[in-house]
Amino acid sequence: MTGKPRIHHFVPQFWIRKFAEPDRRLWAYDHRSDQLREHSPKQLMQIFNLYTIEPSGADDTTLETVDLNKIDSQSSVTFDRVLNGDHSQAAKEELASFLAAQVLRDPDVVTSYNPRAQELTLSLLEAFEAPDFDTFSQAWQTRFHGASVTEAEFKYIQSLGLRGAEDALDKIITGLDTTEGLPELPFTDAVRSPDGRKTVRDRLLSFDWTLKTDPSGRFILGDTGVLYNKGEIESLSAPLSRATALYLTASDSPKPNIISATAAAHEVETLNAESAARSRRWIAGNKAELDRLRTQVGAQSLPDAD
């Protein structure tokens, strides 16, 4: 036994606590067991060894214990600032950093790293089909947002010849298969490095931000957390607490601060339905609302966390 933490939260506990009742009791529905009951945030929205990496035989849990812990500690303060009325540009930018990290730490994104890295690696062979570097670079960067290939690298790939390039890429892909990510290309860099989160963060800051309040405190939190369309993010919503939810919408001229508004009843119901429908296993929040939504939750579940 190494004593290293193996239960990794993909939705941080400080966020889950925002959905407790005024008496601090936290209700959650587990659609694996079809039970609605009181829980501790520590028991919810977690997976065994989700963020453990093992390049070259190492056993590294520091993404969970150091990097994500730092992000969560800083973001907890930002959450409180925003929920207590600081809707400034500075608060917006800090919250955007957390949301970007949250998008990248999601289990679906983490588990997609290996096949996505293989797809990116194989796509380099298209250098032999492109008429010139500019054509290749434009098409490649459109396909893989935030990635880049220099002209020198493009020419080097071509200099290997098709067979030589295929052999080199085969070794890279074999490494990805056997190590769950090479030491040179760990999926953790996307979360660990601010540069890795910058593409998502900049996209989020291109929207108008509206914080909507429900005086009845009916918003619920699903274990997907941040809700957005897959691929190019065209909008985003996230329940931040029982009483508040954040909505990001497209804008040609985004306002620098966060706008405040009251949530209409249908907006609360729609967001809750989406949170429930996209949940993998858990939804937490208003007990009466959870009971109403439980029939909408599917049977898909996450790997065991125990």
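- Phe207 is not listed as a side-chain neighbour of Thr249, based on a closest heavy-atom distance of 4.5 Å or more.
- Distance check, rounded to the nearest 0.5 Å: CG of Leu271 to OG of Ser275 gives 4.5 Å.
- Within a 6.0 Å sphere centred on CG of Asp252, heavy atoms belonging to other residues, nucleotides or ligands number 12 at most.
- Atom OG in Ser279 sits 9.0 Å away from atom OH in Tyr29 (nearest 0.5 Å).
- For the pair Asp208 and Lys92, the salt-bridge criterion is not met [side-chain N within less than 4.0 Å of a carboxylate O].
- With respect to Asp30, the side chain to side chain donor-acceptor pair (under 3.5 Å) criterion is satisfied by exactly one of His39, Arg281, Gln35: Arg281.
- Interatomic distance, CZ of Arg203 versus CG of Leu205, reported as 11.5 Å (0.5 Å rounding).
- No donor-acceptor contact under 3.5 angstrom links the side chains of Ser73 and Ser76, judged on distance only.
- The shortest side-chain heavy-atom distance between Pro239 and Lys18 does not fall under the 4.5 Å cut-off.
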Show the atom names and distances, to 0.1 Å, of all donor-acceptor pairs under 3.5 Å that link a side chain in residues 127-139 to residues at least two apart or in another chain.
unit_1 : atom_1 : unit_2 : atom_2 : d
Asp132 : OD1    : Asp134 : N      : 3.3
Asp132 : OD1    : Thr135 : N      : 2.8
Asp132 : OD1    : Thr135 : OG1    : 2.8
Ser137 : OG     : Gln141 : NE2    : 2.8

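- Ion pairing between a basic and an acidic side chain is recognised when a charged N comes within 4.0 Å of a carboxylate O; Arg25 and Glu38 show such pairing.
- Rounding to the nearest 0.5 angstrom, the gap separating the NE2 atom in His31 from the CG atom in Asp223 is 6.5 Å.
- In this view, Asp34 and Arg294 satisfy the salt bridge (charged side-chain N to carboxylate O under 4.0 Å, His left out) rule, not counting sequence neighbours.
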Before you tell me yes or no, could you show the steps for Thr210 and Leu246 under side chain to side chain contact (heavy atoms under 4.5 Å, CB included), namely the whole-Å CA-CA distance, both residues' side-chain angles and the distance that decides it to 0.1 Å?
CA-CA 6 Å; Thr210 304; Leu246 184 65; over 6 Å; no
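- Under the 4.5 Å side-chain criterion, counting only non-hydrogen atoms from C-beta, Glu21 is in contact with Lys287.
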Check residues 94-104 and write down every donor-acceptor pair under 3.5 Å in which the side-chain atom is one partner and the other belongs to a residue at least two apart or another chain.
unit_1 : atom_1 : unit_2 : atom_2 : d
Glu94  : OE1    : Thr78  : OG1    : 3.1
Glu94  : OE1    : Arg81  : NH1    : 2.8
Glu94  : OE2    : Arg81  : NH1    : 3.1
Ser97  : OG     : Glu93  : O      : 3.4
Ser97  : OG     : Arg201 : NE     : 2.9
Gln102 : NE2    : Phe10  : O      : 2.5

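- Other residues sharing a hydrophobic cluster with Tyr156 under the 4.5 Å side-chain heavy-atom criterion for ILVMFWY residues are Leu160.
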For a quick test of your reading: what N or O donor-acceptor pairs under 3.5 Å do the side chains of residues 253-268 make, sequence neighbours left out?
unit_1 : atom_1 : unit_2 : atom_2 : d
Ser260 : OG     : His87  : ND1    : 2.9
Glu267 : OE1    : Ala264 : N      : 2.8
Glu267 : OE2    : Lys212 : NZ     : 2.4

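- In this structure, OH on Tyr228 lies 8.5 Å from CZ on Arg278, to the nearest 0.5 angstrom.
- Within the model, atoms OG of Ser216 and CZ of Arg242 stand 9.5 Å from one another, a figure rounded to the nearest 0.5 Å.
- Ile16 has its side chain within reach of Leu221: a pair of non-hydrogen atoms, C-beta onward, lies under 4.5 Å apart.
- Residues Phe79 and Ser241 fail the side-chain proximity criterion, which asks for heavy atoms closer than 4.5 Å.
- For Gly285 against Ile220, the heavy-atom pair with the smallest separation is CA-CG2, 4.3 Å.
- With sequence neighbours excluded, no residue forms a side chain to side chain donor-acceptor pair (under 3.5 Å) with Thr270.
- Under the side chain to side chain contact (heavy atoms under 4.5 Å, CB included) test applied with Thr244, the options Asp214, Leu211, Val82 reduce to a single match, Leu211.
- Heavy-atom minimum distance, Leu204 versus Trp209: O-NE1, 2.9 Å.
- By the 4.5 Å heavy-atom criterion applied to side chains, Asn272 and Asn286 are not counted as neighbours.
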